[in-house]
Amino acid sequence: RQQAQDKVKQLTEILNHYNYEYHVLDNPSVPDAVYDQKMQELRKLEEAFPDLVTAESPTQRVGGEPLDAFQKVQHKIPMLSLGNAFNEQDLRDFARRASQGTDEPVQFVCELKIDGLAVSLTYENGKLVRGATRGDGTTGEDITSNLRTIRSIPLSIKETETIEVRGEAFMPHQSFLALNKEKEANEEEPFANPRNAAAGSLRQLDPKIAAKRNLDIFLYGVGAWKNSKLTTHSERLERLKELGLKTNPEWKKCDTIDEVLEYVSYWTKERPNLNYEIDGIVIKVNNLKQQEELGFTAKSPRWAIAYKFPAEEAVTK
Ligand SMILES: Cc1ccc(Cn2cc(C(N)=O)ccc2=O)c(C)c1
């Protein structure tokens with residue numbers, strides 16, 4: 001039995017690593033058949049020794065029975081919405097206000113604004129214990145069983161401190177097109193856009209359905225993170241990546257508003273070449289102390305803004 005326990009641990013570690021290479025790095029080191037063969041081996045061992053199965057096992061991604069309803073979750077730190085900017089002047093105004101609200105020079109971080117569903121993940125003792133929707137920012141829905149099916153979300157990380165991270169769950173273009181083709185083949189109503197498809201998939205009560213939707217995620221922020229010594233948003237992004245969490249690689253530090261505007265115009269052109277939808281660019285003050293100094297208006301931070309791309313003209317059928 002000790003041998004079985006060692007083998008289960010070894011298989012779990014290697015399968016989690018293969019999964020990370022494939023779904024987070026998009027760079028597998030082994031063929032799918034090797035991954036599959038090791039998964040079968042682990043399933044057989046867990047069948048023979050059921051008490052060796054843990055919630056963190058790669059065999060436990062797709063939960064059992066469908067839920068009757070989603071539980072409510074109170075976010076300890078509210079998941080805020082961002083104010084919007086629609087043009088260069090709005091961005092220049094935002095940058096001026098941010099610089100006036102603090103005495104040190106302000107550095108910005110620009111990130112792509114993924115058009116999906118904002119979610120929160122909580123890890124305790126390195127284990128994924130909860131996944132929730134943003135909801136109204138204070139109260140969300142517990143969709144842990146559905147988020148566990150997203151292969152790029154690790155079921156365990158090497159961080160013993162409790163950490164609550166935030167990001168955007170989304171459906172990549174290819175998955176969206178395939179899903180709608182399937183819907184049309186079954187004479188079902190197709191989804192209007194990838195955002196609705198992702199939201200619809202995560203609101204399924206049956207995790208087996210969510211598991212088939214090929215959802216993905218980019219994590220971009222932190223809610224509760226005790227004892228964190230980090231001083232900038234960019235350090236947090238780097239730490240999330242070190243933990244094996246999937247972050248969007250296109251973020252960029254900008255020292256001036258002109259660099260921000262350059263980033264915005266670059267991605268306005270490049271946007272069609274991405275394999276996921278973005279609806280804008282998020283610009284944040286990088287330094288966390290300056291974020292605190294700037295604080296919030298009634299409903300959104302003064303230290304961040306969302307530049308929204310002009311709405312595209314409706315695509316004629
Ligand atoms: C049969 C089978 C098994 C696995 C996969 C995809 N995949 C591959 C790996 C891998 N190569 O490291 C890791 C995780 C994973 O999900 C497919 C498409 C088909």
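Read the numbers this way: they start at 1 and go in the same order the structure lists the ligands and their atoms.
Classification of the Tyr307-Phe309 ring pair by plane angle, with boundaries at 30° and 60°, yields perpendicular.
Between Lys212 and Asp206 there is no salt bridge, since no side-chain nitrogen of the basic residue lies less than 4.0 Å from a carboxylate oxygen of the acidic one. Salt-bridge annotation for Lys72 and Asp142: absent, with no side-chain N of the basic residue lying under 4.0 Å from a carboxylate O of the acidic one.
For Asn186, the CG atom sits in a packed shell: over 12 heavy atoms of surrounding residues, nucleotides or ligands are nearer than 6.0 Å. Shown here is Gln174, whose CD atom has no more than 12 heavy atoms of other residues, nucleotides or ligands within 6.0 Å.
Ligand-side atoms of ligand 1 in range of Asp36: 1 (C), range being under 4.0 angstrom from any heavy atom. Ligand 1 places these atoms under 4.0 Å from at least one heavy atom of Pro31: 11 (N).
The option from Arg151, Glu21, His23 that lies nearest to atom 15 (C) of ligand 1, judged by heavy atoms, is His23.
The nearest heavy-atom contact from the protein to atom 6 (C) of ligand 1 is Tyr22 CZ, 3.5 Å. Nearest protein neighbour of atom 19 (C) of ligand 1, counting heavy atoms only, is Asp32 CB, 3.8 Å. In this structure, atom 4 (C) of ligand 1 lies nearest to the protein heavy atom Tyr35 CD2, 3.5 Å.
Under the side chain to side chain donor-acceptor pair (under 3.5 Å) test applied with Thr59, the options Glu46, Glu47, Gln40 reduce to a single match, Glu46.
With a heavy-atom cut-off of 4.0 Å, Tyr18 touches ligand 1 through backbone and side chain alike. Both the backbone and the side chain of Val30 come within contact range of ligand 1, each with a heavy atom under 4.0 Å.
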